[in-house]
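Written below as structure tokens is the structure these notes are about.
In this text the structure is predicted, and so the values were computed from the model without any measurement. Reminder, nothing fancy here: chain letters follow the sequence lines and each chain counts from 1.
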Amino acid sequence: MPVITLPDGSTRTYSQPLSILDVAADIGPGLAKSTLAGELDGELHDACDVIHGDVSLRIITPRDEEGLEIIRHSTAHLLGQAIKQLYPDAQMVIGPVIENGFYYDIHYPPGFNHNDLEQIEQRMRDLAQADIAVIKTMTPRAQVLATFSERGEDYKLKLVEDLPEVESMGLYQHADYVDMCRGPHVPHHRFLGSFKLTAVSGSYWRGDSNNEPLQRIYGTAWRNDKELKAYLLRMEEAEKRDHRKLGQQLDLFHFEESAPGQPFWHDKGWLLYSTLLDYMRNKVREHGYIEVQTPQVLSLDFWKYTGHWDKYRENMFVVDESADTSFALKPMNCPGNVQIFKQGVKSYRDLPVRMAEFGKVFRHEASGARHGLMRVQGFTQDDAHIFCTPEQLEDEVIAMCGLINEVYTELGFTDIKVQLSTRPEQRIGSDADWDRAEQALENVCRHLQLDWSLNPGDGAFYAPKLDFQLHDAIGRVWQCGTIQVDMNLPNRLDILYTGEDGEKHRPHMVHRAIMGSIERFLGVLIEHYAGDFPLWLAPVQVMIMNITDTQQAYAKSVHQQLVKAGIRAELDTRNEKVGYKIREHTLQKVPVLIVVGDREVEQQQVAVRLKQGTDLGSMSTTALLELLQQAARPGQNDLQSFCSNHL
RNA sequence: GCCCACAUAGCUCAGGCGGUAGAGCACUCCCUUGGUAAGGGAGAGGUCACAGGUUCGAUUCCUGUUGUGGGCACCA
């Protein structure tokens with residue numbers, strides 16, 4: 001005799017077991033109509049699942065987040081049904097829900113092209129319109145195996161084999177189509193329909209590139225067409241802030257075939273780049289770092305000695321491999337820094353040594369991996385290596401986290417996720433060292449209460465790491481900052497310090513980068529600000545415009561004053577109307593626009609307008625300079641409100 | 001490296017069932033000297049990514065290469 005407790009605390013008692021849908025129907029016909037599934041004691045179940053004992057029940061409808069996920073998951077099955085009707089030889093593999101949608105991996109060697117996708121989508125629409133109920137059957141293992149072998153679903157059979165202890169599985173039948181799933185799924189196709197197939201791509205069985213390739217079809221699915229449309233619009237908007245587009249529009253950089261994966265920085269892009277580097281350079285100096293610079297091309301013998309030739313060869317650009325002495329471009333700065341540490345004898349009194357290098361590294365990438373500024377083949381790291389005693393290790397890591405937080409905050413990032421990546425299969429060093437290094441990082445995560453998660457097996461070949469992740473315009477995650485506790489390189493390269501006891505000891509070494517790759521960080525930054533940089537970062541901070549030729553000399557003198565004071569100002573004395581100039585420089589996202597006409601010349605003033613359109617009125621050049629110098633401090637990210645507070 | 005697309009003027013893009021191409025913006029010149037998001041006129045700009053093949057003829061069709069885009073795998 002089930003007693004069912006609803007979310008509002010009310011209870012309903014029934015004389016016999018009944019399904020979730022029955023309960024919904026008992027509450028009201030409207031609810032029954034929109035019931036997708038139910039949560040029983042915190043666990044999701046299909047609407048048809050029967051309740052035997054006392055439980056708390058929450059009815060899941062499309063309004064719930066879980067409901068949306070169910071719709072997405074079932075849309076993946078709908079895709080499966082369409083595929084099997086159109087391509088009976090295709091074998092379905094796995095079809096999970098992802099952010100905003102779903103995908104399905106399919107074994108179909110001929111592959112799918114865009115036309116196929118359209119046809120599949122049309123078939124899905126037809127099937128969604130049809131009156132098709134989704135029937136769930138808990139099916140004994142033997143029968144599941146029989147069903148899938150009869151249907152030629154080899155991959156489903158393999159998936160069943162992966163569940164040796166499970167006696168029966170949920171099979172979901174959509175008319176002629178059968179899929180296996182943990183569920184829950186929608187009870188009827190009428191919940192499906194607001195979807196769009198978005199992409200076709202390749203993938204691999206079990207995500208391993210050594211396995212056979214599969215076809216993957218991506219789709220997005222929503223509760224209704226309005227949500228779908230809004231999502232598609234969001235994507236379009238996000239694409240407008242793509243750093244590659246803005247890089248072109250704002251004349252920051254370009255790529256060309258002669259140098260794949262290596263940006264040509266234009267003047268404005270380089271201003272941005274060097275502003276960021278200068279900022280970082282000052283920052284680390286304030287935090288007790290020394291800065292060094294090491295060679296870019298080192299002998300292969302050296303890379304064999306460091307272990308990179310063994311573990312990292314395929315990513316290294318080699319110079320003249322056939323010669324007696326061959327060289328390779330440095331893919332990492334760490335060995336060079338160690339060579340500097342090794343000069344002379346180090347005492348415990350010297351530690352910690354915080355050694356920074358803004359070193360340019362080169363990494364040969366698989367052809368499909370390059371991606372604008374986010375994934376290049378030559379990039380500068382804001383790298384540093386901290387050599388310290390074991391006792392200093394955790395404090396040093398804590399200090400780094402503080403520095404990273406400070407920098408990200410000043411640059412306007414707040415949503416930062418941290419991943420602790422532990423030992424990979426391919427690695428060097430003893431398990432005891434890995435244990436200690438991983439433990440140290442975990443301790444710091446807990447101590448600082450970071451927003452962190454574990455990423456097992458994803459560490460570098462020489463060290464576990466904390467990765468700091470930022471998001472790009474369309475939600476992709478990019479690793480920027482990283483902290484790597486390395487107990488291997490000190491051994492391998494045999495670095496020592498003299499302890500208080502007069503004995504030789506092995507220092508710990510921590511690799512760390514805050515922006516990671518300056519190039520990537522700039523890519524994220526461009527998208528983060530949609531090219532609308534705060535004053536302190538803007539490549540061109542001020543544009544000075546005259547109205548007619550008469551004010552040319554005055555405009556030039558104002559420009560000179562600003563440039564002398566260290567403001568990145570430019571002059572536009574072209575024979576164009578002021579409205580035209582304002583439009584152009586607003587589109588170029590110049591933060592401060594200065595107009596000088598006869599009035600300003602007469603009063604020895606300048607008329608100031610912010611890029612957002614705010615008119616700050618007229619002021620003397622001296623007053624403008626004072627304002628700008630204050631407003632252009634690093635971390636001052638809102639010019640508009642700064643000005644309204646200071647005028 | 002793997003799958004699917006794409007590559008036409010400086011930029012954004014159109015076009016051609018095979019007969020060497022077009023728009024808007026930008027650029028140059030002329031007129032205009034105009035007070036806060038596009039004043040007007042004229043002109044110049046292209047080996048249609050590269051290399052083969054088919055063809056009387058290829059920018060267009062086929063193959064390959066390179067690069068780019070979306071993913072997979074790999075990674076900062």
Side-chain angles (χ1 to χ4, degrees), chain A residues 103 105-106 108-117 198-218 239 242 244-245 248-249 251 254-261 312 314-315 331-332 361 363-377 379-383 421 458 460 465 467-470 474 476 478-482 484 511 513-521 523-524 545-552 575-587 593-600 607-611 613-615:
Chain A
Y103 67 77
D105 278 348
I106 303 146
Y108 184 64
F112 300 108
N113 61 31
H114 287 195
N115 288 340
D116 298 333
L117 225 59
T198 51
V200 53
S201 99
S203 65
Y204 302 98
W205 168 238
R206 295 190 199 284
D208 185 339
S209 58
N210 296 314
N211 291 339
E212 59 268 44
L214 303 172
Q215 299 285 323
R216 176 173 297 179
I217 294 177
Y218 284 90
E239 276 167 23
D242 187 309
R244 291 162 298 195
K245 230 169 224 173
Q248 167 88 264
Q249 281 163 14
D251 195 16
H254 83 271
F255 287 93
E256 58 181 58
E257 270 190 65
S258 58
Y312 209 67
E314 60 187 33
N315 286 297
M332 296 183 193
V361 296
R363 298 182 185 176
H364 178 71
E365 297 289 354
S367 62
R370 296 189 295 254
H371 183 99
L373 290 178
M374 304 301 200
R375 190 81 178 270
V376 292
Q377 298 202 114
F379 58 99
T380 299
Q381 292 181 310
D382 62 326
D383 211 353
S421 296
D458 209 35
K465 52 184 186 170
D467 287 329
F468 293 75
Q469 300 179 324
L470 301 175
I474 54 176
R476 285 179 294 208
W478 295 97
Q479 184 185 315
C480 291
T482 186
Q484 311 177 346
H511 311 241
I514 297 175
M515 300 180 185
S517 143
I518 305 294
E519 283 74 2
R520 172 179 295 180
F521 196 83
V524 175
M545 292 161 276
N546 58 341
I547 289 173
T548 67
D549 290 346
T550 337
Q551 306 95 27
Q552 266 210 36
N575 176 12
E576 295 289 352
K577 291 194 170 178
V578 72
Y580 180 90
K581 295 184 187 180
I582 284 179
R583 174 182 157 80
E584 199 160 274
H585 299 122
T586 302
L587 290 173
L593 303 181
I594 301 292
V595 175
V596 293
D598 286 337
R599 266 204 309 275
E600 284 71 27
V608 184
R609 173 192 163 114
L610 300 184
K611 124 186 91 182
T614 318
D615 183 1

- Item | Distance, rounded to the nearest Å, where Glu576(A) contributes CD and U28(B) contributes C1' |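 The distance from CD of Glu576(A) to C1' of U28(B) comes to 13 Å, rounded to the nearest Å.
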
- Anti/syn call for G69(B), syn if |chi| within 90°: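 Judged by the O4'-C1' to base torsion, G69(B) sits in anti, the angle falling more than 90° away from 0.
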
When you measure from the side chain of [X], which nucleotide among [options] comes out closest?
{"X": "His371(A)", "options": "A76(B), A37(B), G70(B)", "value": "G70(B)"}
{"X": "Asp458(A)", "options": "G70(B), C75(B), U36(B)", "value": "C75(B)"}
{"X": "Ala199(A)", "options": "U68(B), G70(B), A38(B)", "value": "G70(B)"}
{"X": "Ser209(A)", "options": "A73(B), A76(B), U68(B)", "value": "A73(B)"}
{"X": "Val578(A)", "options": "A37(B), G67(B), G35(B)", "value": "G35(B)"}
{"X": "Tyr218(A)", "options": "A38(B), G71(B), U36(B)", "value": "G71(B)"}
{"X": "Tyr580(A)", "options": "A26(B), G1(B), U68(B)", "value": "A26(B)"}
{"X": "Ala366(A)", "options": "G69(B), G1(B), A38(B)", "value": "G1(B)"}

- Item | Identity of whatever pairs with G64(B) - Watson-Crick or G-U, under 3.5 angstrom |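 C50(B) is the nucleotide pairing with G64(B).
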
- Message: Can you tell me the base-pairing partner of G69(B)? Count Watson-Crick or G-U wobble geometry only, both distances below 3.5 Å, and say none if there is no partner.
- Response: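 G69(B) is paired, partner C4(B).
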
- Item | Inter-nucleotide C1' distance (U60(B), U55(B)), Å rounded |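 About 13 Å, rounded to a whole number of Å.
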
- Rounded distance in Å between the C1' positions of G69(B) and A49(B):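 15 Å, rounded to whole Å.
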
Between [N] and [X], counting only base atoms on the nucleotide and side-chain atoms on the residue, is there a donor-acceptor pair under 3.5 Å?
{"X": "Asn575(A)", "N": "G34(B)", "value": "yes"}
{"X": "Asp615(A)", "N": "U36(B)", "value": "no"}
{"X": "Glu365(A)", "N": "G1(B)", "value": "no"}
{"X": "Arg375(A)", "N": "C75(B)", "value": "yes"}

Pairwise N/O distances under 3.5 Å, protein to nucleotides 11-13 of chain B:
none

- Check: Asp242(A) side chain, Glu239(A) main-chain N or O, donor-acceptor pair, under 3.5 Å: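 Side chain of Asp242(A) to backbone of Glu239(A), a donor-acceptor pair under 3.5 Å: no, none is there.
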
- Query: So what does Val376(A) touch, heavy atoms closer than 4.0 Å: a base, only the sugar-phosphate, or nothing?
  - Reply: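 Base, at least one base atom sits under 4.0 Å.
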
Could you go over nucleotides 3-6 of chain B and give all protein N or O partners under 3.5 Å, atom names and distances?
| residue | atom | partner | partner atom | Å |
| --- | --- | --- | --- | --- |
| C3(B) | O2' | Gln215(A) | OE1 | 3.3 |
| C3(B) | O2 | Gly202(A) | N | 3.1 |
| C4(B) | O2' | His114(A) | NE2 | 3.0 |

- Say whether Asp208(A) and Asn210(A), considering side chains only, have a donor N or O and an acceptor N or O under 3.5 Å apart.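 There is such a pair between these side chains.
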
